[in-house]
Amino acid sequence: MAKWLVKTEPSECGIEDFARAPRQSIPWDGVRNYQARNFLREMKEGDEVFIYHSSCKHIGVAGIVEVVKSAYPDPTQFDERSPYHDPKSAPDSPRWDAVDLKYVRTLPRLIPLDELKPLPGLENLPLVRKGNRLSVMPVSESEWQIILGQA
DNA sequence: GCCAACGTTGGC
DNA sequence: GCCAACGTTGGC
């Protein structure tokens with residue numbers, strides 16, 4: 001069972017939005033980066049995913065969700081009214097995918113980025129590397145445990 | 001609000 | 001195929 005981390009602005013969709021309707025899944029759409037998309041495509045049902053809050057007051061790892069539906073064509077790419085509309089994506093060969101995620105739990109406290117950066121064993125995690133913009137990334141089992149250990 | 005770092009685009 | 005220009009991400 002693989003593990004992952006996704007970045008999100010909590011004002012858009014944070015762990016609180018998952019917690020509010022814990023049995024309901026939320027489509028993880030709008031990813032418009034090829035590397036991130038490729039990772040989305042590798043996600044399997046049952047995989048666990050850290051929710052990371054970015055571009056906000058308290059940045060860091062906030063909670064855990066799980067994959068309840070693996071990759072399918074992201075409908076927002078064909079929606080002209082969506083901010084994620086992609087006119088260059090053809091319906092017969094969709095360029096972008098989404099997955100469905102469901103609440104697992106909120107961490108007892110948010111683990112700030114500052115605390116993750118110096119931790120031994122996270123050197124290869126794109127999240128803690130300066131200037132990294134990858135919004136969907138794999139997390140190894142040991143990285144997962146190191147992060148969880150800070151909660 | 002600033003700006004460094006990055007990914008993408010498009011001219012050549 | 002190169003690379004400059006551009007737009008975006010995201011920490012600060």
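Within every chain, numbering begins at 1; the chains are lettered A, B, ... in the order of the sequence lines, protein sequences first and strands thereafter.
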Just the rounded figure in Å: distance from P of C/dG10 to NZ of A/Lys7. 4 Å
If you compare every side-chain N and O of A/Tyr52 against the phosphate oxygens of C/dG11 (OP1, OP2), does one of them come in below 4.0 Å? yes
Polar atom pairs between nucleotides 1-5 of chain C and protein, under 3.5 Å, N or O only, would you list them?
none

Among C/dG11, B/dT9, B/dG7, which nucleotide sits nearest the side chain of A/Ile59? C/dG11
Atom pair distance, as rounded to whole Å: OH in A/Tyr84 and C1' in C/dT9: 13 Å
Whole Å only: how far is the CZ atom of A/Arg129 from the C1' atom of C/dT9? 16 Å
Going by the angle between their ring planes, with limits at 30° and 60°, are A/Trp4 and A/Phe39 parallel, tilted or perpendicular? tilted
Using a heavy-atom cut-off of 4.0 Å across all strands, would you classify A/Lys57 as base, sugar-phosphate, or nothing? nothing
Any link between A/Leu110 and A/Tyr52 through a network of hydrophobic side chains (Ile, Leu, Val, Met, Phe, Trp, Tyr) touching at under 4.5 Å? no
Candidates B/dG7, B/dG10, C/dG10 - which lies nearest the side chain of A/Asn33: B/dG7
Where the side chain of A/Lys88 is defined as all heavy atoms beyond and including C-beta, which of C/dG11, B/dT8, B/dG10 is the nearest nucleotide? B/dG10
Between A/Tyr34 and A/Trp96, is the ring centroid distance below 6.0 Å? yes
Can you tell me the distance, in whole Å, between the CD atom of A/Gln35 and the C1' atom of C/dT9? 14 Å
Using 0.5 Å steps for rounding, measure from the OG atom of A/Ser140 to the CD1 atom of A/Ile146. 7.0 Å
Does any non-hydrogen side-chain atom of A/Met1 lie less than 4.5 Å from one of A/Asp47? yes
Whole Å only: how far is the CZ atom of A/Arg95 from the P atom of B/dT9? 7 Å
Under-4.0 Å side-chain N/O to phosphate OP1/OP2 contact, A/Lys130 with C/dG11: no
Output the rounded distance in Å from NE2 (A/His53) to P (C/dT9). 17 Å
What's the NE2-C1' distance between A/His58 and C/dC12, to the nearest Å? 15 Å
Is a salt bridge present between A/Arg95 and A/Asp86, judged by a nitrogen-to-oxygen distance below 4.0 Å? yes
For residues 61-68 of chain A, please give each side-chain donor-acceptor pair under 3.5 Å, one per line with the distance, not counting sequence neighbours.
none

Send over the distance from A/Leu134 CG to B/dG7 P, rounded to a whole Å. 9 Å
